[in-house]
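Accompanying notes for the structure given below.
Each chain gets a letter, A, B and so on, in the order the sequences are listed, and its residues count up from 1. Small disclaimer: the values here were computed from a predicted structure and weren't measured. These values consider heavy atoms only, across backbone and side chains, with no hydrogens, waters or symmetry-generated copies.
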Amino acid sequence: MTKAQRIEEYIKDCFEAFHLNYKEYYYFEFEEGNPEEILWADEKGKISVSAVEHASEILGISTENILACSKEARMKWLRKYPFFWCVPGYEYSYEKSFYAPGFEKLRLIERIFDSDLHEQYPVRFDYDDVVRRMIEKLKLQECVEPGSYHEGASIQQLQISTENFCSYDRIEEMTTSFIEMVKTATHLFFKALSEELCATEVEEYNLLVSVLGLRDKYYTRGYLYYNQLLKVKDFYKDLNEETFSGAIIFKHALNFKPWRYSEFICNKELVQSYLDVMPQAKAIMREYAMEVSRFNCVFVWSDAKPITFSPEEEKMLSDFNEIVGEEDIPVEQRARERSFVNIDKTPEELNGEEKTAETIISYCRPVKLGGLMVKMPHVDNDPLAMFKHINTLLGKVEHNNYIERIIDRNDNSGGASDE
Amino acid sequence: MSDIALKKKAGETLRRLIKENYATQEEFAYDYGLEIRTVSRYINEGIKDSDKVEELAKFFNVPWFYFYGIES
């Protein structure tokens, strides 16, 4: 293995250890016909310095340590934030909740023999029974909402979804570590506005930017890594704890969903601590509790009409199509209207989860009714706030996420733009 | 009470519950996870979807028929 290959492998291992998708954060070169290949080395096999520097920014590991493939440099963050160690167990517990006993054995066999037994996974719910109940409900609903049931028509494109609670004995540790990550990222952000960060602080800050997706609320084109933040720190100099959430968001933070886990829900103090840093999760938790109690069914009747809008909406749509140079889609060619119906789970299907759901709903009630307190983020009353942010940051903060690079490349090559 | 009157009644009940529990409708919108224009629509035009009424009833810890002006 050449040195360049070893370094490439080290970088990929780091992305995996921190559960970062390197194709999103780190997109180095575009090649015609193979847009996702990343060029780690040049034609002579020498590792690309700029590729390493870019990985250094995203991973919070110095270029020297990357070139040396330092495991200790990576372990430093894994030790400080046990959140990373917990991710596999966290994901597995959730996946397991959708299957009946027997699932774990099949997964073990898959791993041993490197096979795919997905089709044989024993599902937890009798979906045929759910469909039967769905049709019964539609027939009953027809009495009060005509058009609910289409006699003689068949049900097509049926999708049934639900959510479950699950169990993971390290969720409290994982959540505590996550809260520390958010608080540290916020603390270092403010510190960087007024003084120079030392090398270790820069590395930690940058890693947390990657993991949490720290960026401007309105300017979506780049994450605020340290070098980017320095270019625009005057813009944020008046921010304080109250106004921070009105200007800065953690784009990836809600990918972590501790409310799925019963051990988290049972710990009211931990839930409050979590909501102190993620107030927007209060509403999401409540919706999740509602999702657990039912099956969401979406389908199309075989005789459903194409989607139509009011005359005003049709005119607006037509005007919009004219502006963007698109043809109006004739009504008969449009997608057909979908039907939505919820089916409550039976006590057997809930299997005790209704108690956990009720606990979440009690947390999410108004404070006067015993719910947990959350701080509403500061709302900037300046109607031009969005434009101010974009105008200030455009050209100063690099387009350092995957989607924005695609847009840039399409723009530069004269191709169709997504903007 | 007609269907439309019931839906409008639900909207009025929502307005009253929000006033009892929050300083502003924006605070409720944030807590519940709705756009403020949706809250305004529910209050001014009524709540058409009985599933939505049921969810709101659970949130405010009242029986669903309370939204339609039925005490018990």
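More than 12 heavy atoms of other residues, nucleotides or ligands lie within 6.0 Å of NZ in Lys137(A), so this atom counts as buried by the packing criterion. Environment of CD1 in Ile4(B): sparse, with no more than 12 heavy atoms of neighbouring residues, nucleotides or ligands closer than 6.0 Å. Residue-environment remark: CZ (Arg37(B)) stays at or below the threshold of 12 foreign heavy atoms within 6.0 Å. Counting non-hydrogen atoms of neighbouring residues, nucleotides and ligands closer than 6.0 angstrom, the CZ atom of Phe309(A) exceeds 12 such neighbours. Shown here is Arg338(A), whose CZ atom has no more than 12 heavy atoms of other residues, nucleotides or ligands within 6.0 Å.
When each of Gly370(A), Cys364(A), Gly371(A), Pro377(A) is checked for heavy-atom pairs under 4.5 Å with chain B, Pro377(A) comes out on top.
Cation-pi check for Arg365(A) over Phe59(B) is not met; the charged atom does not lie both under 6.0 angstrom from the ring centroid and within 45 degrees of its normal.
Looking at Tyr30(B), its side chain does come within 3.5 Å of a backbone N or O of Gln280(A) through a donor-acceptor pair. Within the 3.5 Å criterion, the main-chain N or O of Glu20(B) finds a donor-acceptor partner in the side chain of Lys368(A).
Between Arg294(A) and Glu55(B) a salt bridge is recorded (basic side-chain N to carboxylate O distance below 4.0 Å).
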Tell me, with the steps shown, if Lys58(B) and Glu358(A) meet side chain to side chain contact (heavy atoms under 4.5 Å, CB included).
CA-CA 9 Å; Lys58(B) 280 190 177 154; Glu358(A) 184 49 46; 5.7 Å; no

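Screening Met373(A), Arg286(A), Lys282(A) against Asp31(B) for a side chain to side chain contact (heavy atoms under 4.5 Å, CB included) leaves a single residue, Lys282(A).
Phe28(B) does not touch chain A: none of its heavy atoms, backbone or side chain, sits under 4.5 Å away. The parts of Asn21(B) that come within reach of chain A are both its backbone and its side chain, each placing non-hydrogen atoms under 4.5 angstrom from that chain.
The closest side-chain heavy-atom distance from Met376(A) to Glu26(B) is below 4.5 Å.
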